[in-house]
Amino acid sequence: MSKETLATPASAGGVETEAVSADYFASRQLKQGAAGWILLIGLGVAYVISGDYAGWNFGLAQGGWGGMFVATLLMATMYLCMCFSLAELSSMIPTAGGGYGFTRTAFGPWGGFLTGTAILIEYAIAPAAIACFIGAYCESLFGIGGWVVYLAFYVVFIGIHVLGAGEALKLMFVITAVAAIALGVFIVAMVPHFQLANLFDIPATEATGASTFLPFGYLGIWAALPYAIWFFLAVEGVPLAAEETKNPKRDLPRGLIGAMLVLLAFAGLILLVGPGGAGAQALMASGNPLVEALEKVYGGSTWMSQFVNLVGLAGLVASFFSIIYAYSRQIFALSRAGYLPRSLSLTNRNKAPVLALIVPGIIGFGLSLSGQGDLLILVAVFGATISYVLMMAAHITLRIRRPDMPRPYRTPGGVLTSSVALVLAAVALVAGFLVDPRVVIGAAVIYALFIAYFALYSRHHLVSGTPEEEFAAIQAAERSLR
């Protein structure tokens, strides 16, 4: 493979790029036209639907139902504003890098790397947390849990992704549809048992501002934010499918906003009828809260609880399955551009990035052995909220500095919308320290190691000619002509 070191402007942040042969890109191609906007809505819901089945309820232990309710309203606002903003960015810069591509355009290679690796932390850790919940559901259903279940799911679903994106996305869509039906069954089954008093059955503590509505006081709202995020975490991954989408400038905004509206409906209904039927206190530490809620209100195991348990496993699988897709595409884009080791972006004959699927899978499996799904959520949220701050800053920056860039979709409210999302993301970033500062500090150390790798090595070996770098080069050339 021929290489040629090229000089870059000082404004590029002290990075160096290398020209590569056509063979380099020929061995790093994704399958084109595999997804339309309906499939993208399914992908966005699939990323997140496991959060409806398990994980959100840990927020009840941090803020009570009232604290979790307020936290969910705040995070729903953040995600809705963010999805409107990302819809604009994805229509402008439709590449597999997603958030990395957006911030690369706005802030240069450093901004792209900081965002891309933050997203990578989110997507590499989230499947490990979901694997813990899958283990809890399998234990309930089949009496088998633990590392054997974690390993089996990683091996099987990474293997399916190796077969190619079209097959993987279609299977994911079917699994997600079944999981959504089970959520509907749960909601309908719980409505007759709803009692307002059940929402407030956690005793008030002596914390500042504590009440029946906020049993853990005002800080409980803040501590519940990471678990409110779990209702929506990873929906922002829809733009990662840009290079495999039929019409990305039209389909990505539709997919993002459509998925977010579906998730808003599910989050509101589940948070209301679950604790409202079974009681907040009964669900706040459960590994499979929907099943436990049904069993409590119906006096034991019924066909409904067994159905939701079985199909709830499908919901967890849908998110597990689709987030594996997301992290592989994020790694593919960063590796192809030289930010991460280039071997990670090699694709097989099915146009699947094999090492980008396997390497994070091995790491995620190791983390799942901790069995601490609630703490792994904190790590995923840490990476997510950093990326949200940077992506919203990119939206604001490009609106101000590059108002002339073509925008097939424009965010309602413009920079005001993205500013609201940015502020709320910054607040959520700090919230993890209220739950377990050791976990968040550990995540920050991992992030710092990524930054050190870029500062010391990869920024001197970036690849020219990738979609993200080419887009940035074109924009720089256009600016120089003005």
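Only this structure's heavy atoms are used, side chains among them; waters, hydrogens and symmetry mates stay out.
- Not one N or O on the side chain of Thr115 forms a donor-acceptor pair closer than 3.5 Å with the backbone of Gly112.
- Shown are Ile121, Leu429, Thr117; of these, the side-chain contact (heavy atoms from CB on, under 4.5 Å) with Ile386 is made only by Leu429.
- Nearest heavy-atom pair across Ala179 and Ala314 is CB-C, 4.2 Å.
- For an aromatic pair to be called close, the ring centres must be under 6.0 Å apart, and Phe454 with Trp110 satisfies this.
- Using a 4.5 Å heavy-atom cutoff, the side chains of Phe321 and Leu316 are not in contact.
- A donor-acceptor contact shorter than 3.5 Å is absent between the side chain of Asn309 and the backbone of Ser305.
- Within a 6.0 Å sphere centred on CZ of Phe58, heavy atoms belonging to other residues, nucleotides or ligands number more than 12.
- No donor-acceptor distance shorter than 3.5 angstrom exists from the side chain of Glu122 to the backbone of Gly383, with no hydrogens or angles considered.
- Considering only heavy atoms from C-beta on, Phe153 comes within 4.5 Å of Phe320 through its side chain.
- Contact check for Met92 versus Pro406: no side-chain heavy atoms found under the 4.5 Å cut-off.
- No donor-acceptor pair under 3.5 Å is formed between the side chain of Tyr388 and the backbone N or O of Glu236.
- Between Trp303 and Phe307, the ring-plane angle classifies as tilted under the 30° and 60° cut-offs.
- Between the side chain of Tyr447 and the backbone N or O of Leu114 there is at least one donor-acceptor pair closer than 3.5 Å.
- In this structure, the side chain of Ser90 does not engage the main chain of Pro239 through any donor-acceptor pair within 3.5 Å.
- Shown here for Thr385 and Ala425, the closest heavy-atom pair between the two residues is CB-O, 3.8 Å.
- With Ser458 contributing its side chain and Leu340 its backbone, the two residues share no donor-acceptor pair below 3.5 Å.
- For Leu294 against Met304, the heavy-atom pair with the smallest separation is CD1-O, 3.9 Å.
- Thr411 and His395 share a donor-acceptor pair across their side chains, judged by distance under 3.5 Å alone.
- Taking the side chain as every heavy atom from C-beta outward, Met392 and Leu86 approach each other to under 4.5 Å.
- With contacts defined as side-chain heavy-atom distances shorter than 4.5 Å, the pair Tyr325/Leu357 does not qualify.
- Taking the centre of each ring, Trp56 and Phe231 come in below the 6.0 Å mark.
- Residues Ile377 and Val381 have side chains in contact (heavy-atom distance under 4.5 Å, counting atoms from C-beta outward).
- Side-chain contact between Leu344 and Pro353 is absent, with no heavy-atom pair separated by less than 4.5 Å.
- For the 3.5 Å distance criterion, the side chains of Gln330 and Tyr123 fail to qualify, holding no donor opposite an acceptor.
- For Phe84 and Tyr409, the gap between ring centers reaches or exceeds 6.0 Å.
- With Trp230 contributing its side chain and Val48 its backbone, the two residues share no donor-acceptor pair below 3.5 Å.
- Residues Gly277 and Met190 come closest through the heavy atom pair CA-CE, 3.6 Å.
- Take Arg407 and apply the salt bridge (charged side-chain N to carboxylate O under 4.0 Å, His left out) test, not counting sequence neighbours, and it matches Glu88.
- Ring centroid separation for the pair Tyr339 and Tyr100 comes in under the 6.0 Å cut-off.
- Under the 3.5 Å distance criterion, the side-chain polar atoms of Ser335 are left unmatched by any main-chain donor or acceptor of Phe332.
- Taking both residues in full, the closest heavy atoms of Gly99 and Ile119 are given as CA-CD1, 4.0 Å, listed atom of the first, atom of the second, then distance.
- In plain terms, the two heavy atoms of Gly63 and Ala224 that are nearest each other are N-CB, 4.4 Å.
- Taking CE of Met68 as the start and CE of Met284 as the end, the distance is 13.5 Å to the nearest 0.5 Å.
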